[in-house]
2 protein chains.
Amino acid sequence: MTAPVSVPAAGSRALAHPAPEEIRLEGVLHALSDPLRLGIVRELAVGSDELACSDFDVPVSKSTTTHHFRVLREAGVIRQVYRGTAKMNGLRRDDLDALFPGLLDSLLEAAARQEERLAGA
Amino acid sequence: MTAPVSVPAAGSRALAHPAPEEIRLEGVLHALSDPLRLGIVRELAVGSDELACSDFDVPVSKSTTTHHFRVLREAGVIRQVYRGTAKMNGLRRDDLDALFPGLLDSLLEAAARQEERLAGA
DNA sequence: GCCGTACTACGAGAGCTATCGTACAAGCCG
DNA sequence: CGGCTTGTACGATAGCTCTCGTAGTACGGC
């Protein structure tokens with residue numbers, strides 16, 4: 001047992017990510033049930049893997065931003081890695097698609113559709 | 001404006017449900033992010049529309065069960081109607097599919113897949 | 001070596017959530 | 001009617017979550 005928690009690269013500053021086996025659907029849904037985090041994930045889905053935390057235009061303080069990114073990472077939704085002083089963020093699309101095929105796309109489309117609808121289309 | 005909150009049938013004991021326009025993706029995800037509620041929805045998805053609250057075998061007290069069903073109803077995930085002393089529950093599959101095509105099925109499949117995986121398949 | 005940038009840690013407060021037990025209401029059945 | 005079944009309301013509690021500000025760490029550039 002003792003799930004392989006994707007051991008951090010030895011020497012450097014590394015961040016704990018859940019192994020794919022540890023990712024729980026409930027956790028993913030919970031992470032995405034916050035509008036702010038859902039927005040972050042949507043931005044990440046269209047952009048590249050190379051978005052720093054500060055590239056997002058969230059209407060909360062820096063500490064709160066850190067908090068939300070951590071929730072997303074700990075739920076297994078995003079991957080984070082340091083690159084100098086910046087922390088680059090990327091969707092764990094590969095892992096999520098392997099665990100829950102089609103789910104991420106459905107969620108992203110649902111979010112897009114809702115935004116369109118609420119915009120008074 | 002003033003969204004039509006699907007006015008309850010006049011005289012009888014009726015329950016407030018959100019109108020389709022009021023259903024929010026975040027709310028749905030939040031409702032489903034609880035293992036208990038996700039389980040209820042999964043049972044509802046395979047069974048008929050005719051399941052009473054007491055037909056579910058949840059490991060919590062009656063009051064807590066009431067609470068969870070209310071969360072699901074207020075998020076727009078289920079429909080509830082009184083039938084004698086019982087309260088019958090049904091998925092709002094039609095409304096959900098119209099708002100978020102494919103999402104419900106993706107979620108149900110993801111849940112099934114995870115259960116299979118965790119059962120040590 | 002020093003400063004600025006980017007992010008984290010910690011502590012705190014407000015608010016929501018899950019849970020319970022007890023007490024109660026509504027409807028069926030004998 | 002009286003009792004049983006089913007679910008609700010209310011109050012309470014513990015725990016989580018979102019939010020912030022302040023203080024601190026890690027890294028890159030001058």
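A note on names: the letters A, B, ... follow the listed sequences, proteins ahead of strands, and every chain is numbered from 1.
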Indicate, with a heavy-atom threshold strictly under 4.0 Å, whether B/Phe69 touches base, sugar-phosphate, or nothing.
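Result for B/Phe69 = nothing.
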Answer with base, sugar-phosphate or nothing: what part of the nucleic acid does A/Ser54 contact at a heavy-atom distance below 4.0 Å?
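The answer is sugar-phosphate, as A/Ser54 gets under 4.0 Å only of primed atoms, P, OP1 or OP2.
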Can a salt bridge be assigned to the pair A/Arg83 and A/Glu50 using a cut-off of 4.0 Å between side-chain N and carboxylate O?
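Counted as a salt bridge, because a side-chain N and a carboxylate O are separated by less than 4.0 Å.
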Pair A/Asp94 + A/Arg79: basic N to acidic O under 4.0 Å
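The answer is yes: the pair qualifies as a salt bridge.
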Hydrogens and angles aside, do A/Ser63 and A/Thr66 bring a side-chain donor and acceptor to less than 3.5 Å of each other?
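Distance-only check fails for A/Ser63 and A/Thr66.
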[X] [atom1] - [N] [atom2] separation (whole Å):
X: B/Ile40; N: D/dG7; atom1: CD1; atom2: P; value: 12 Å
X: A/Leu29; N: C/dT17; atom1: CG; atom2: C1'; value: 17 Å
X: A/Asp55; N: C/dT5; atom1: CG; atom2: C1'; value: 13 Å
X: B/Met88; N: C/dA26; atom1: CE; atom2: P; value: 20 Å
X: A/Leu51; N: C/dA6; atom1: CG; atom2: P; value: 14 Å

Distance test, side-chain N/O of A/Arg83 to OP1/OP2 of D/dC27, below 4.0 Å:
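No, A/Arg83 has no side-chain N/O under 4.0 Å of OP1/OP2 on D/dC27.
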Check this one for me: any side-chain N or O of B/Arg70 less than 4.0 Å away from OP1 or OP2 of D/dG7?
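Checking B/Arg70 against D/dG7: no side-chain N or O falls below 4.0 Å of OP1 or OP2.
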For A/Phe100, which of A/Asp97, A/Leu104, A/Leu103 qualifies under side chain to side chain contact (heavy atoms under 4.5 Å, CB included)?
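Exactly one candidate clears the test, A/Leu103.
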Review item, nucleotides 15-22 of chain D N/O atoms under 3.5 Å of protein N/O:
unit_1	atom_1	unit_2	atom_2	d
D/dC18	OP1	A/Arg37	NH1	3.4
D/dC18	OP1	A/Arg37	NH2	3.0
D/dC18	OP2	A/Arg37	NH1	3.2
D/dC18	OP2	A/His67	NE2	2.9
D/dT19	OP2	A/His68	NE2	2.4
D/dC20	OP2	A/Ser61	N	2.7
D/dC20	OP2	A/Ser61	OG	3.2
D/dC20	OP2	A/Thr64	OG1	2.7
D/dG21	N7	A/Ser63	OG	3.1
D/dG21	O6	A/Ser63	OG	2.9

According to a hydrophobic-cluster definition based on side-chain heavy atoms being under 4.5 Å apart (Ile, Leu, Val, Met, Phe, Trp, Tyr only), do A/Val28 and A/Leu15 belong together?
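Not linked; separate clusters.
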Between A/Gln80 and A/Leu72, is there a side-chain heavy-atom distance shorter than 4.5 Å?
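Not touching, per the 4.5 Å side-chain cut-off.
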